[in-house]
Every structure is written in C-alpha cells, then in structure tokens.
Colleague: 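Dropping the structure in here first, questions after.
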Amino acid sequence: MDIAALRTAHPDHWKKATAIRTLTLDAVAAANSGHSGMPMGMADVATVLFEKHLNFDPKTPDWPDRDRFILSAGHGSMLLYSLMYLTGYEDMPLQQIKDFRQWGARTAGHPEYGHARGIETTTGPLGQGIANSVGFAIAEEIQRATWGKKIVDHYTYVMAGDGCLMEGVSHEAIGLAGMQKLGHLIVFFDNNNITIDGTVDMADITDQPQRFEAAGWHVQSIDGHDPAAIDAAITAAKKDPRPSMIACKTHIALGHAAQDTSKGHGALTDKDQLKAAKEAYGAPMGDFEVDPDVKKQWEAIGARGETTRKDWEARFASLSATKQAEFNRTYAGEAPKKLSATIRALKKQVTEGLPKVATRKSSEMVLEVINPIMKETIGGSADLTGSNNTKTSDLGVFTPASRKGRYIYYGVREHGMAAAMNGMALHGGTKPYGGTFMCFTDYARGAMRLSALMGVPVTYVMTHDSIGLGEDGPTHQPVEHLAMLRATPNVNVIRPADTVETAEAWELALTSQKTPTVLSLTRQGLPTVRKDHKTKNLTAQGAYVLADAEGKRQAILLATGSEVSVALAARDLLEAEGIGTRVVSMPCWELFEEQDESYRKRVLPAGPVRVAIEAGIRFGWDRWLFGERGKREKSGFIGMHGFGASAPAERLFEEFGITAQDTADKVKSLIK
Ligand SMILES: Cc1ncc(C[n+]2csc(CCOP(=O)(O)OP(=O)(O)O)c2C)c(N)n1
C-alpha cells in the first residue's frame, strides 16, 4: 500500500484517521495486549462515518434519536475508544485510553455495554454485534411507525469483519434483516482477508457480497481507504430501502510492518516498528499524543450533533405531555402503573376458575392482558408460535408493509432471535420477549449469555420444559438446561407451577430493569395449585410454603413447575400415613437466594427430611437439600439422571420414577 499517496490524496482526512491509528498503536503497546490491526484498517471508514454521517452528540450520548454505531468486530475496541476520546465523550478521557485493558478501566478488552456512555452494546463474541444490530433496526422501524419520523428517524451502523460473517449467527441476522427490508441498517464489512490463523481463504471462500445480495440486501464494494468512495457509498446506502452492506477492501494494520498479515491482527508492540509506522503516517508523535489541531477537528466533529439533538428536543417538547411521559417511561424501561393491578385481577380470576392448562397456555393468558396495556412489548418466536403461545390477538405482525406490528416471525433462528432481542432492548423503548423450545436455549446461548452480562431485561419464553413434552423424545426434552441457566450469573430462571405463578413470573420479568428472565413453561396441562387468592406476588420471594404439614412436620418437599402438583399428591399420600409434610414451591432459585436468612429459614427449617422433585438433573439442588440447614443423609432427589425417551408423558414420568408414589417412598426411606 502506498501510504505516501494516501497521505497526499486527502491530507486532512488522513490526519484525522491517523489519530485513531496512533492512539490504537500506543494503547495496545502500553497494555501489551489487544488488537491493533482492525482499527488501523478501518480508521478511514470510521473517520468518514463520524465526520459526515453519524448523528451523535458526545455530550448527550443517550439522546434517543441518535444514530447507533456498533462495533461488531469488538476485538478492535480501540477503534471505538479512540473515536470516543477524540470526539469528546465525557466517559472517555485520555487517561482511559492510557489504562486500556487495566483493572477498573472503562476501556475493557472488548466494548462492554454500561462501562462508558456511548458504547451501545457488548461485543467481542464475533457475530453478536451484527445480530444485535438487526434488533436495533427493528426497534427503530417500529418506533418510527409509532411515534412518527419527527421523533424517531435514525440509522444503525455496524462494522463487522470476516469473523463476524463466518459465525453462524450472522447468517440468521442477515436473512432476517433482508426479509424485513431494514433500510436503516448499514453494515461495513472490513474485507481484509485476514483472521488469526492466516488468510480467510484457508477456511472460507464465500463471496460475501453475493451472500448479502441473495438475502435481499443492497450491496456495494469499495476501497475502504478512499474517503470519497466511503462517503458516496454511505450516501447511497442511506437512500436504498433495503439494508445495506458496504464491502470495504482494507489492509489490516495499514502502514505497519505487519500490514496484511495475521500478525497484524493482534497486539503490535515492537517499539521500532511502531515508530516507523508513525513516521510513515507523517505523525512522529510521542506516546498518546495527538496533534492539537487534529484533536480540535475531531472535537468539532463531536460538536456537530448538538444542533441536531437540540432540534430533536424541540420537536419532542411539542408532543403532548401524555405522549412525552409515555415515551420517557418506555425509554426508562419502566412498567406502567396498571401492570400490577392487571396481574392481580388475572390471579383472582384464575383462583376462582381453577383452570387446568399448560403453563405455556397460562403465559398466553397473561400476555393477552399485558400486551394491550404495554405497547412496548415486542413478541416473537423462532417458528414455534403455536407451540410457544407467544402471539396474542392484539399484536399485529411486524413486516415491511406493517411496521406497527409487534409480533415477529423470527423463522428458525433461535440465536438470531435472542441477539435481536438484546438489540431491541438496548435500543430503548421496547420490551422484547421471544419463544422457542427450552432445549433450544443451547442454540440461543451465545446471545442469552450476553443478555445476562449486559444486564438487559429481555424475556425468554422457553416452553416444552421437560420430559413432560412426551413423544418428541430426548432430542427435545431438556434435562440439563435448568442447571445451565441457573449457573449463568444474572439470570432469573422462573419455572412456574400454574397460571397464578405464571402471571407473577411475567410481572417480575416485565418490571426487571437489569436482569433477563427465562420462563420455563410446560407443554402438558397442570392443575391450579395456588387456590387461595393472594394479592402479594409470592413468586417474587423465589420460594414459599404452598401447603404446610398438618401434624408434626417430618418432611419438606421442594418442587418447581410441573412437579409441584406431584409434590402435593405425594403430600396427600404421606399425610394419610400420618407423616406431616410441607410443600415448598420454588419457582425461582435466584430470587429465593436474595431473601434474608430469616425468611429462608422459615421456609426451610432444620430438621425434617427434604426431597426435591424436578424433572431435570440434580445439579444444583444440593444447595437446597443439604445446604440451608439441611442434612445429606436426610435428603433425596426425584428427577432425571440422564436423557429422556420418546413416549407419552405420563408413561415417561412413571418410567423415570417422578411420581407421587416414588416421592412418598423416598421420604419414608429417609425417615426410617
Ligand atoms: C465467537 C468468537 N470466536 C472466536 C473469537 C476469537 N477471535 C477474536 S478475533 C478473531 C478473528 C477475527 O477475524 P476478523 O473478523 O477477520 O478480524 P481481523 O483479523 O480483521 O481483525 C477470533 C477468532 C471471538 N472473539 N469470538
């Protein structure tokens, strides 16, 4: 690459892009870790985007109608941090750049949502950012249709590399975006033919432009170091009604000795080579130094958005007070005041009618009353709408022709759905929920983990939650999934026993601010076990005494979901034999863990035999069986010990020994 020619062709542009390159080199060298090549390769695209197109205001990074910029190739985090420092984000002073990747710094190895205002989403696991961006763009479309162009009208820009595009989730995301004609989504493909192991063609020969075209995208291919071409491509992309992909031919680690090699991908720390690169750039500056004139130009770019933001604020102020309040409420992620009264009314109705329904159906009953009062919910399913019971009568379907629709047919794309939901939640103003079969949480896992890590309150509606689904067999019967989800920090896993608990679970999910919720719901019908109406949300305590011992308490049965009714039936058998038995319903371990010691002790006192009943594996149950004042020799587990089988559900529960009789026998064997 002829660096001298680039320098002379567009000298002003060159200097600005150079500031990104030198800051990256210095920060990575100081940390002795990180990724220099990507920011150096994409600095030109970033400069043109920020200078000429991106609507942003570093002084108000969370202004709702800003354009979103997502660095999907998150290993190139120094690109984002440099831009934020140069344009004047308050959370990104120079010291943060100097502290790149150090303890307590906002400049983590990969961009992390919440560390600094201005980082839109956590990236680093390749493919997530581009898949999140589809959710950002969907949220923007829905809100533009809802609030009008004067209030919502912005673009989502993404930078993705070869790695992002090789990841499977990108396929799901691209397909969904193309079908939905998300015209405000613009992806820059950092087409540098380099990954860690070497050149991309060692592992992949996909023609990416053709791949995007096949999925319905508008595609352009440009020289990613030519500012005029970049500018023109962005202008054309904004005009096209389809989502746009701009394949930018770039050189990784441009101008460094490691340019165009896989070495250039990683940490470039050699002092002489660093010096030589800076000299080639015409910027022989000291460590972390940026030419003051160049810094000023970048600050001017940062100041550009203030007028646009203020114009927006004026337009927003012209909305009625009610509309402003509603907009602000949804952006704050707060549930409407009506929610708890609505949930209470449903609970009351249920305790009067005592329906015997599957909890997936209960969930639908709840959604039928919630969706009309929470216009920010966006439902969907990965091609299992009729099974997940996620679509309610009022939602309407989101399509290119109907942008106010709030139900999304995600197609068979669990991972893409989960990542899109993260994007919608992060965009603001929406409360996404989406369904699939519980065992396919495996497929959605990459994005589900990031919901937890980022603290975004999306709701996963996971139905068919045990062998209780029956004939579909062990491929579809989750056994280890509850344990895996419970092992993930910052996830509330709620397995409700009936419609009352399901209503309470939804209330918790929709009022959660920082924690995603997994609802584990049955395929098979369950009796209503909470027969007395209580206004209080008992599920919020995580576990509670559902039925107490009549005589001397000798046993405590702990159960979740469909096994709560098994526990109640076992209690009947035991009480008939004079064995006083308490049943504790434990819909959410995480919330029970948060209760104070005295409450936990009241629910799980020392002394009685404890038996847990759950149609999943035992992993994790020992905490409740012989932690919390319990004793190993006085505890037992009724559940799964391996994979399930294909047969009618009732037969499976018998064959795997998850019945009232098995439970009663286990208790008696422990009492002796
Ligand atoms: C899901 C996932 N797998 C693996 C990695 C580790 N990783 C980080 S960057 C990278 C190569 C990415 O190549 P490319 O997107 O072309 O980036 P470039 O080399 O252009 O910087 C890999 C495998 C990761 N971050 N995420």
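Just follow the structure's listing: the first ligand is 1, and inside any ligand the first atom is 1.
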Colleague: If you count the atoms of ligand 1 from 1 in the order shown, which ones are under 4.0 Å from a heavy atom of Ile252?
Modeller: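 Reading through ligand 1 atom by atom, the close ones are 18 (P), 19 (O), 20 (O), 21 (O).
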Colleague: Is there a nitrogen or oxygen of Leu126 sitting under 3.5 Å from a nitrogen or oxygen of ligand 1?
Modeller: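 Min N/O separation from ligand 1 is below 3.5 Å for Leu126.
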Colleague: What I want to find out is whether Asp240 reaches Lys181 closely enough, with some N-O distance under 4.0 Å, to be called a salt bridge.
Modeller: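 Answer for the salt bridge query: no.
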Colleague: Determine, for Arg495 against Asp465, whether the closest basic-nitrogen to carboxylate-oxygen distance falls under 4.0 angstrom.
Modeller: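 The answer is yes: the pair qualifies as a salt bridge.
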Colleague: Look at atom 23 (C) of ligand 1 and say which protein heavy atom is nearest, naming residue and atom and giving the distance to 0.1 Å.
Modeller: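 Here the nearest protein heavy atom works out to Ile196 CD1, 3.7 Å.
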Colleague: Answer yes or no: is there an ion pair linking Lys16 with Asp44, defined by an N-O contact shorter than 4.0 Å?
Modeller: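 Here Lys16 does not pair with Asp44 in a salt bridge, since their nearest N and O are not under 4.0 Å apart.
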Colleague: Record the part of Val200 in heavy-atom contact with ligand 1 below 4.0 Å; permitted values are side chain, backbone, both and neither.
Modeller: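 Under 4.0 Å from ligand 1, Val200 contributes no heavy atoms.
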Colleague: Which heavy atom of the protein is the closest neighbour of atom 18 (P) of ligand 1, given with residue, atom name and distance?
Modeller: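 The closest one turns out to be His265 ND1, 3.4 Å.
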Colleague: Among Lys271, Lys278, Arg21, find the residue that satisfies the salt bridge (Lys or Arg N to Asp or Glu O under 4.0 Å) test when tested with Asp26.
Modeller: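 Passing option: Lys278.
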Colleague: Measure from the side-chain N and O atoms of His184 to the backbone N and O of His154, and report whether any donor-acceptor pair falls under 3.5 Å.
Modeller: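 Yes, the answer is positive, given that a donor and an acceptor are paired below the 3.5 Å cut-off.
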Colleague: Out of all atoms in ligand 1, which are within 4.0 Å of some heavy atom of Gly161? Include the element for each.
Modeller: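 Answer, ordered by atom number: 15 (O).
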Colleague: Before signing off on this row, confirm whether His110 and ligand 1 have an N or O atom pair separated by under 3.5 Å.
Modeller: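 No - when backbone and side-chain N and O of His110 are compared with those of ligand 1, no distance drops under 3.5 Å.
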Colleague: Could you find the nearest protein heavy atom to atom 1 (C) of ligand 1 and give me its residue, atom name and distance?
Modeller: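 The answer is Glu167 OE2, 3.2 Å.
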Colleague: For atom 16 (O) of ligand 1, what's the nearest protein heavy atom and its distance?
Modeller: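 That would be Ile194 O, 2.6 Å.
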Colleague: Just jot down the ligand 1 atoms closer than 4.0 angstrom to any heavy atom of Thr195, in number order.
Modeller: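 In order of numbering, the contacting atoms are 13 (O), 16 (O), 19 (O).
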Colleague: Can you spot which of Phe50, Tyr157, Phe188 makes a ring pair (Phe, Tyr, Trp, His ring centres under 6.0 Å) with Phe69?
Modeller: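 The ring pair (Phe, Tyr, Trp, His ring centres under 6.0 Å) with Phe69 is passed solely by Phe50 among Phe50, Tyr157, Phe188.
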Colleague: May I ask whether atom 6 (C) of ligand 1 is less than 4.0 Å from at least one protein heavy atom?
Modeller: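 Within 4.0 Å: no protein heavy atom nearby.
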Colleague: Classify the side-chain pair Gln95/Asp99 by whether it contains a donor and acceptor separated by less than 3.5 Å.
Modeller: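 Note: Gln95 and Asp99 side chains meet the donor-acceptor criterion.
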Colleague: Quick check: are there more than 12 heavy atoms from other residues, nucleotides or ligands sitting under 6.0 Å from CZ of Arg7?
Modeller: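 More than 12 within 6.0 Å, yes.
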Colleague: Note the single closest protein heavy atom to atom 15 (O) of ligand 1, along with its residue, its atom name and the distance in Å.
Modeller: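 Answer for atom 15 (O) of ligand 1: Gly163 N, 2.7 Å.
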Colleague: Identify the protein heavy atom lying closest to atom 20 (O) of ligand 1, giving its residue, its atom name and the separation to 0.1 Å.
Modeller: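 Ranked first by proximity to atom 20 (O) of ligand 1 is Asn192 ND2, 2.6 Å.
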Colleague: Which ligand 1 atoms, with their elements, are less than 4.0 angstrom from a heavy-atom of Met38?
Modeller: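 Close to Met38: 21 (O).
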Colleague: How far is atom 17 (O) of ligand 1 from the closest protein heavy atom, and which atom is that?
Modeller: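 Ranked first by proximity to atom 17 (O) of ligand 1 is His75 NE2, 3.2 Å.
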Colleague: Backbone N or O of Thr390 within a donor-acceptor pair of the Asn388 side chain at under 3.5 Å?
Modeller: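 No.
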Colleague: Can Pro125 be said to touch ligand 1, with heavy atoms closer than 4.0 Å?
Modeller: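 Contact present.
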Colleague: Using heavy atoms and a 4.0 Å limit, tell me yes or no: is His35 in contact with ligand 1?
Modeller: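 No, that is not the case, since the closest heavy atom of the residue is not under 4.0 Å from the ligand.
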Colleague: Scan side-chain atoms only and decide if Ser451 and Asn422 contain a donor-acceptor pair under the 3.5 Å cut-off.
Modeller: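 On atom types as modelled, these side chains qualify, holding a pair under 3.5 Å.
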Colleague: Check for me whether Gly124 has a heavy atom closer than 4.0 Å to any atom of ligand 1.
Modeller: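 Per 4.0 Å heavy-atom rule, Gly124 contacts ligand 1.
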Colleague: Would you find a donor on one side and an acceptor on the other, under 3.5 Å apart, between the side chain of Asp67 and the backbone of Leu54?
Modeller: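 Pair absent, no side-chain N/O of Asp67 close to backbone of Leu54.
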